[in-house]
There are 2 protein chains.
Amino acid sequence: MRKKRISITDIATALHVTPSTVSRALNGGGKVSEKKRLEILSLAKKLGYRPNPIAKSLVENRTHTIGLIIPEFTHHFYSRMLAGIESVTSKAGYQLLICTSNEKQKQEIKSTQTLLDARVDGILATISKMNDKFEHLQEVMDSGTPLVLVDRFSEEIETPYVISDDFNGAFSAVDYLCQNGCKHILHIKGPANLSTTFNRFMGYKEALRKHGIAFNEELILESSDTNLVEKIRFCLSNLPVDGAFAYSDYLAFEIYKVASELKIQIPGRLSVIGYADEPISTYINPTLSSVNQQPFEMGVAGAKYLLNKISNPETVLEVKTLATRLVIRESTQAVKTGH
Amino acid sequence: MRKKRISITDIATALHVTPSTVSRALNGGGKVSEKKRLEILSLAKKLGYRPNPIAKSLVENRTHTIGLIIPEFTHHFYSRMLAGIESVTSKAGYQLLICTSNEKQKQEIKSTQTLLDARVDGILATISKMNDKFEHLQEVMDSGTPLVLVDRFSEEIETPYVISDDFNGAFSAVDYLCQNGCKHILHIKGPANLSTTFNRFMGYKEALRKHGIAFNEELILESSDTNLVEKIRFCLSNLPVDGAFAYSDYLAFEIYKVASELKIQIPGRLSVIGYADEPISTYINPTLSSVNQQPFEMGVAGAKYLLNKISNPETVLEVKTLATRLVIRESTQAVKTGH
DNA sequence: CTGTTAGCGCTTTCAT
DNA sequence: ATGAAAGCGCTAACAG
């Protein structure tokens with residue numbers, strides 16, 4: 001049995017005034033005699049009055065709620081991003097309504113609809129991997145609901161976004177490998193169609209170019225390849241591979257397994273760098289050098305953009321490319337011991 | 001600029017009927033002539049009408065929203081639990097409002113207040129580690145808002161809960177070690193005051209008892225001990241330890257590090273079992289045997305209890321102790337090669 | 001079958 | 001300074 005909460009009217013009748021007066025007293029807005037104000041405030045406190053945000057939402061046409069769409073919960077990256085988002089929204093007095101897309105476009109579309117229906121004041125979204133249509137996001141924007149994209153973005157959607165600097169992140173990693181003498185650097189690419197995959201690949205190539213190393217198609221593998229493990233094994237067995245840069249830490253771990261099987265020492269004979277700096281980096285042996293994307297900060301920045309756009313809809317298109325940090329651990333040789 | 005959404009009244013005036021009629025047609029409730037019904041439905045569809053849940057909440061005094069309080073986002077356990085919860089609430093048409101306590105009682109209290117203010121239809125909470133007061137939870141219950149506890153519970157709060165069977169989880173792990181011949185089993189305990197710590201410790205003792213192994217105080221370590229690593233080193237160096245059962249996978253990893261340093265082979269000379277089956281178990285070398293707590297299922301069960309209690313407040317106190325699964329990996333010897 | 005009326009809790013003119 | 005009244009979008013009792 002839901003207990004009835006006390007309302008502004010309860011206070012009003014008890015004090016022989018009207019709800020308007022109570023509202024004014026509580027919100028400090030209009031003029032209320034000091035005496036009445038204090039009476040009202042103290043009774044409100046005594047009765048444990050709590051304003052009903054639902055009623056407020058209805059008249060103010062905003063909910064103090066922001067919607068969040070993320071692909072999934074289990075990657076550490078998203079957990080950290082979520083924590084970053086929560087840290088700013090909660091401080092600003094906003095509630096978080098959470099939806100998952102499970103990396104499926106269909107669920108993502110449903111989520112946007114759900115959030116729009118819920119009349120959230122704004123939406124923060126990481127678009128799912130498999131997106132090829134963007135009408136649902138356009139619809140969000142058309143509805144006048146501020147939208148900010150985090151981690152992934154699309155050029156088809158003109159809205160603020162915060163992403164990680166994949167190009168330079170990859171560049172710094174491969175550059176590091178080159179500086180330490182690696183000449184034959186394997187790269188495992190991420191999912192096709194993702195801008196992150198493309199940009200990291202570009203960063204890889206640019207680093208090679210800088211060091212005058214010829215690009216070798218043979219050293220490029222696809223994570224989606226069902227024979228990935230065999231391909232890795234082929235490369236490590238038959239080509240003079242001395243470095244590897246993987247799209248993710250998990251893919252780097254695949255390299256570890258094959259290397260271990262082939263008795264190839266890391267970092268002795270092979271230096272490896274992963275991406276995302278997931279906890280796995282510090283657990284595997286040797287610990288894995290990786291590129292940290294600052295997911296917490298990404299969440300913070302995205303949330304700030306959104307709050308800003310909510311309070312100031314005509315703001316210029318804010319866009320941020322977050323710097324990455326190369327974290328060096330045991331999987332890379334600090335100094336190349338000569339050939 | 002927020003676009004005005006079309007309302008039930010817009011449709012009503014366009015069709016020269018009253019809002020009530022439109023409401024009835026849309027909700028299928030009362031009687032409406034088939035002709036009008038179709039007219040209304042088709043116009044609603046054409047105009048892209050979407051009901052305003054805020055208005056509905058105000059009159060129905062429920063929000064179709066459930067509040068969630070979790071200690072933090074980053075442990076895989078909570079991510080999985082969250083996924084489980086989300087999977088049932090989203091299917092049931094409920095929105096999830098998320099708050100974190102950061103394992104702090106003060107934040108937890110604030111979160112309950114926030115959720116109560118938001119008029120959520122129910123609350124799902126994992127109480128924070130350091131809780132010693134429970135008035136805020138009692139307040140939730142007094143307000144008539146259904147409350148379900150997950151993962152952790154307190155006997156001071158009489159409300160449905162879903163927890164994991166820590167006693168048997170620990171028992172099965174240590175029993176397994178004993179069956180494989182371990183005689184001197186180290187145990188690292190969890191945080192003091194937590195029921196899980198206590199129950200796992202009891203499970204450990206009970207397994208020893210079953211196998212007629214004398215309990216040895218020397219083999220019990222505390223995770224909070226600042227000299228934990230040294231203590232582990234001491235045990236592994238000076239005592240004939242042949243097995244270890246840790247309160248968490250992360251603590252098991254600490255054992256790994258010391259064992260590696262001391263050149264003690266796992267599982268050759270030392271069998272190790274962790275707890276929680278976090279991803280780390282599959283990344284470390286050798287892969288770690290662990291006790292899976294089925295966090296996803298825990299989320300599912302908790303959410304179901306809550307939905308049940310929401311729709312049926314007078315339900316009996318539902319309580320579930322979820323079975324654990326012992327996951328055997330490389331850190332334990334399947335068959336003890338004799339002494 | 002359909003319209004009228006009232007009300008959910010609150011804000012916000014507009015009078016007084 | 002305060003009250004009266006309207007309205008946010010919707011539901012629900014009550015009349016016809």
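Convention: sequence-line order gives letters A, B, ...; per-chain numbering from 1. As the structure is a computational prediction, the values presented were derived from the model and not from experiment.
- Taking for each of B/Val17 and B/Arg119 the nucleotide of DNA chain C with the nearest heavy atom, the 5'-most of the two is the partner of B/Val17.
- Listed pair B/Thr18 / C/dT2 fails the phosphate criterion, with no side-chain N or O lying under 4.0 Å from OP1 or OP2.
- To the nearest angstrom, P of D/dG7 lies 13 Å from NZ of B/Lys4.
- The CG atom of A/Leu26 sits 15 Å away from the C1' atom of C/dT12 (whole-angstrom rounding).
- For A/Lys304, the NZ atom is loosely surrounded, since the number of other residues' heavy atoms within 6.0 Å does not exceed 12.
- For the pair A/Arg62 CZ and C/dC10 C1', the computed distance is 14 Å after rounding to whole Å.
- Taking side-chain N and O atoms only, A/Lys36 has a distance below 4.0 Å to OP1 or OP2 of D/dT2.
- Atom NZ of B/Lys56 is separated from atom P of C/dG9 by 18 Å (rounded to the nearest Å).
- One finds a side-chain N or O of B/Ser23 lying less than 4.0 angstrom from the OP1 or OP2 phosphate oxygen of D/dT11.
- Residues B/Ser101 and B/Gln107 bring no donor and acceptor atom of their side chains to less than 3.5 Å of each other.
- Side-chain N/O atoms of B/Arg24 and base N/O atoms of C/dG3 include a donor-acceptor pair closer than 3.5 Å.
- In this structure, CG of A/Asn61 is placed 15 Å from C1' of D/dC10, rounded to the nearest angstrom.
- A/Thr9 has no side-chain polar atom (N or O) that falls below the 4.0 Å cut-off from OP1 or OP2 of C/dG9.
- Remark: B/Glu34 CD is packed, more than 12 non-hydrogen atoms of other residues, nucleotides or ligands lying under 6.0 Å away.
- If you measure from atom CG of A/Asn27 to atom C1' of C/dT11, you get 8 Å, rounded to the nearest angstrom.
- Side-chain proximity of A/Thr21 to the nucleotides C/dG9, D/dT11, D/dG3 is greatest for D/dG3.
- Comparing atom distances between the A/Leu58 side chain and each of C/dC10, D/dT2, D/dG9 picks out D/dG9 as nearest.
- By the neighbour-count criterion of 12 heavy atoms within 6.0 Å, atom CD of A/Glu60 is densely surrounded, having more than that number from other residues, nucleotides or ligands.
- Counting only heavy atoms from C-beta on, A/Ser33 has its side chain closest to D/dA1 among D/dA1, D/dC10, D/dG9.
- Within 6.0 Å of the NZ atom in A/Lys45, the count of heavy atoms belonging to other residues, nucleotides or ligands does not exceed 12.
- Two residues, B/Glu34 and A/Ser20, neighbour DNA chain C, and the one matched to the more 5' nucleotide by heavy-atom proximity is B/Glu34.
- Rounded to whole angstrom, the span from the CG atom of A/Asn52 across to the C1' atom of C/dT11 amounts to 13 Å.
- Atom CD of B/Glu60 is separated from atom P of D/dG9 by 17 Å (rounded to the nearest Å).
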